[in-house]
Amino acid sequence: MKLKLGYFYHDLLNLYGDSGNIKALDWHLREQGIETTIDYLSLEDPKDIESYDFIYMGSGIERYLVLALKDAMKYKAGFKAAIENGVYILATGNSFEIFGSEIRMPSRSYPGLGLLSFATEYKTRTVHDLILPYRDHPLVGFENHSGSTVDNEETPFLSTESRTEGVVKNHFTGTYTIGPLLVRNPYICESLVHDLILQKDPKFHFRKADYTVERKAYSASLNFMKDAKLS
């Protein structure tokens, strides 16, 4: 089995160790005997969106985000088809803002791709560690952003009493969580590995995976943040 991974705008949208997401995913896919290729794509590179099994975008400064948005506009039809046809897309940090209807920055607003209902409104910058309920295991990470998800008709990535952010539709996932997400949350990484493989081969026989180091780091991070909140 072969899987094709794409890291879009890797040189512009790569803050906070975001490249670790694609590296962790690739490592654990290969651990299962999957042959992978990774395309690192930038502004001038042609992008055959639907040829990918997995697309990743990370976070970047606002100026670089706008550059990526302008380039992504040329591939709007491809991104639309990818989302509708269930291509796995993960956009962390502010990169998922590209896919919404509008990005309202203090200086000016930019139309997004308009492939998802939400808009982004820039307000006060939020910077802190995260520990929040998420499925069967708490989510740990970091956030540093001014954008807020508004007017969202899709399923949010996180929805708790303290915050609602991000978006999930089909196999598209967007969240402000960085740090990087898949490295710090091995249960999410393992679930994504399984989903990508099973979409190709529903009868795939999985090998025993080794997430020992990642889970130790996850537990240490979780305990540290819990203790910090109590102090």
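Positions are given from 1 along the sequence.
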Can you say whether the rings of Phe79 and Phe99 are parallel (under 30°), tilted (30 to 60°) or perpendicular (over 60°)?
perpendicular
Tyr64 OH: over 12 foreign heavy atoms closer than 6.0 Å:
no
Between Tyr211 and His28, what is the ring plane arrangement, given parallel below 30°, perpendicular above 60°, and tilted in between?
parallel
Do Tyr75 and Ile83 belong together in a cluster built from hydrophobic side chains that touch within less than 4.5 Å?
yes
Looking at Lys23, I want to see if its NZ is surrounded by more than 12 non-hydrogen atoms of other residues, nucleotides or ligands under 6.0 Å.
no
Val167 and Thr149: CA distance, side-chain angles, deciding distance, side chain to side chain contact (heavy atoms under 4.5 Å, CB included) verdict:
CA-CA 8 Å; Val167 59; Thr149 306; 5.7 Å; no
Has the side chain of Asp18 got a donor or acceptor atom that lies under 3.5 Å from a matching backbone atom of Ser59?
yes
Which atom names give the shortest non-hydrogen contact between Gln32 and Ala209, and what distance separates them?
NE2-CB, 3.8 Å
For the side-chain contact (heavy atoms from CB on, under 4.5 Å) test, which of Ile98, Val66, Leu43 pairs with Asp71?
Leu43
May I ask you to check whether Thr175 and Glu165 show a side-chain donor-acceptor distance below 3.5 Å?
yes
Quick check on Lys74: does its NZ atom have over 12 non-hydrogen neighbours (other residues, nucleotides or ligands) under 6.0 Å away?
yes
Angle class for the His10/Tyr40 ring planes (parallel below 30°, perpendicular above 60°, tilted otherwise)?
perpendicular
Under 6.0 Å from the CG atom of Asp136, do we count more than 12 heavy atoms belonging to anything else shown?
no
Are the ring centres of Tyr52 and Phe8 closer than 6.0 Å?
yes
Just by distance, with hydrogens left out, do Tyr16 and Glu143 show a side-chain donor and acceptor under 3.5 Å apart?
no
For Thr92 and Tyr56, test the side chains for any donor-to-acceptor distance below 3.5 angstrom and give the result as yes or no.
yes
Between Ala68 and Leu13, what is the shortest heavy-atom contact and its length?
CB-CD1, 4.0 Å
So does His205 have more than 12 non-hydrogen atoms from other groups sitting under 6.0 Å from NE2?
no
Are Ile38 and Leu41 grouped together when hydrophobic residues (ILVMFWY) are joined by side-chain heavy atoms under 4.5 angstrom apart?
no
Are Pro138 and Tyr218 packed together at the side-chain level, in the sense that at least one heavy-atom pair is separated by less than 4.5 angstrom?
yes
Under the side chain to side chain contact (heavy atoms under 4.5 Å, CB included) criterion, do Leu90 and Leu181 qualify, and how do the steps go?
CA-CA 10 Å; Leu90 174 62; Leu181 177 69; 4.1 Å; yes
Are Phe157 and Phe96, when compared by the centres of their aromatic rings, separated by less than 6.0 Å?
no
Hphob cluster co-occupancy, Phe118 + Val150, side-chain heavy atoms under 4.5 angstrom
no
Intermediate values then yes/no, side chain to side chain contact (heavy atoms under 4.5 Å, CB included), Tyr110 and Met73
CA-CA 11 Å; Tyr110 298 88; Met73 281 291 186; over 6 Å; no
Would you call Arg125 and Glu62 a salt bridge, using N to O less than 4.0 angstrom?
yes
Applying the 4.5 Å side-chain criterion to the ILVMFWY set and letting contacts propagate, would Ile22 and Ile55 be lumped into a single cluster?
no
Does any donor atom in the side chain of Glu154 or Ser117 lie under 3.5 Å from an acceptor atom in the other side chain?
yes
Would you sort out whether Tyr7 and Asn21 count as a side chain to side chain contact (heavy atoms under 4.5 Å, CB included), showing the intermediate values?
CA-CA 10 Å; Tyr7 187 171; Asn21 283 313; over 6 Å; no
